[in-house]
Amino acid sequence: MAAPIAVHLEFGGGAELLFGGVKDHQVTLPSQSEPWDMKQLLAWIRANMLQERPELFVQGDTVRPGILVLINDADWELMGELTYQLQDQDNVVFISTLHGG
């Protein structure tokens with residue numbers, strides 16, 4: 001059984017507007033049978049944090065194109081994207097690169 005883990009989530013570039021305008025969130029993910037990965041984190045964020053317009057943040061089980069994801073300041077593409085197993089005290093940043101004009 002995987003123990004609960006604390007993760008710092010940060011939303012920027014306009015993505016914070018989908019989360020009540022709050023950029024920084026310290027969350028504790030509950031214990032579960034297998035370790036937490038990014039795919040499960042995104043589902044948890046959608047179910048527990050996302051306040052409006054989920055189509056602007058997620059597409060299927062991943063982030064929509066135009067959302068840059070950093071895990072501990074590294075591009076998540078280098079970390080395994082959805083399969084990255086979260087560690088206690090990880091810092092995950094979501095930055096929207098899509099802006100109206």
Side-chain angles (χ1 to χ4, degrees):
M1 185 91 162
I5 60 171
V7 180
H8 176 251
L9 304 177
E10 185 178 335
F11 302 92
E16 70 276 7
L17 300 175
L18 304 174
F19 298 89
V22 179
K23 288 187 175 201
D24 291 301
H25 300 263
Q26 189 69 38
V27 300
T28 300
L29 302 172
S31 59
Q32 60 179 23
S33 57
E34 70 261 1
W36 281 89
D37 61 24
M38 284 297 294
K39 183 177 179 178
Q40 294 164 335
L41 174 65
L42 289 172
W44 186 89
I45 288 171
R46 182 177 186 160
N48 296 285
M49 295 180 66
L50 194 55
Q51 295 183 7
E52 58 182 274
R53 309 218 27 215
E55 71 277 4
L56 295 180
F57 186 71
V58 290
Q59 188 172 61
D61 19 343
T62 191
V63 292
R64 70 172 282 152
I67 304 278
L68 174 66
V69 182
L70 302 174
I71 301 170
N72 301 321
D73 298 323
D75 190 326
W76 81 322
E77 291 179 2
L78 303 173
M79 308 294 282
E81 295 183 354
L82 293 173
T83 61
Y84 173 78
Q85 289 191 352
L86 292 162
Q87 306 297 313
D88 194 48
Q89 303 302 316
D90 271 352
N91 187 47
V92 183
V93 180
F94 300 90
I95 303 170
S96 175
T97 61
L98 303 173
H99 303 282

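Computed from a prediction, not measured in an experiment: that's the story for all the values here.
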Q: Tell me, please, which residues at least two apart from Glu55 pass side chain to side chain donor-acceptor pair (under 3.5 Å).
A: Arg53
Q.
Under the rule for side chain to side chain contact (heavy atoms under 4.5 Å, CB included), what residues qualify as partners of Glu77, not counting sequence neighbours?
A. Asp75, Glu81
(Q) Tell me every residue that passes side chain to side chain contact (heavy atoms under 4.5 Å, CB included) with Ile67, counting only those two or more places apart in sequence or in another chain. (A) Phe57, Val63, Arg64, Val69, Phe94, Ser96
Q.
List the residues meeting side chain to side chain contact (heavy atoms under 4.5 Å, CB included) with Val27, not counting sequence neighbours, and say none if there are none.
A. Val7, Leu9, His25, Leu29, Trp44, Met49
Q) For the residue pair Met79 and Ala74, what are the closest heavy atoms and their distance? A) SD-CB, 4.0 Å
Q) Just by modelled atom types, is the Gly66 backbone N or O under 3.5 Å from a matching donor or acceptor in the Thr97 side chain? A) yes
Q) Would you call Leu56 and Leu17 a side-chain contact if the rule is heavy atoms closer than 4.5 Å? A) no
Q.
Can you confirm whether Asp73 is buried at CG, in the sense that more than 12 heavy atoms of other residues, nucleotides or ligands lie under 6.0 Å from that atom?
A. no
(Q) Using 0.5 Å steps for rounding, measure from the CG atom of Leu78 to the CD1 atom of Ile71. (A) 9.5 Å
Q) Mind checking whether Phe19 and Ile45 have side chains closer than 4.5 Å, heavy atoms only? A) yes
Q.
Using every non-hydrogen atom in the two residues, find where Gly60 and Arg46 come nearest and quote the distance to one decimal.
A. O-NH1, 4.4 Å
**Q.** Pairs flagged by salt bridge (charged side-chain N to carboxylate O under 4.0 Å, His left out) wherever residues 7-29 is involved - sequence neighbours left out
**A.** none
Q) Restricting to pairs with a member in residues 85-94, which pass side chain to side chain donor-acceptor pair (under 3.5 Å), not counting sequence neighbours? A) His8-Asn91, Asn72-Asp90, Tyr84-Asp90
(Q) Through direct or indirect side-chain contacts below 4.5 angstrom among Ile, Leu, Val, Met, Phe, Trp and Tyr, which residues connect to Leu68? (A) Leu70, Val93, Ile95
Q. Tell me, which pairs form a side chain to side chain donor-acceptor pair (under 3.5 Å) where one or both residues lie in residues 30-41, sequence neighbours left out?
A. Gln32-Gln40, Glu34-Gln40, Lys39-Asp61
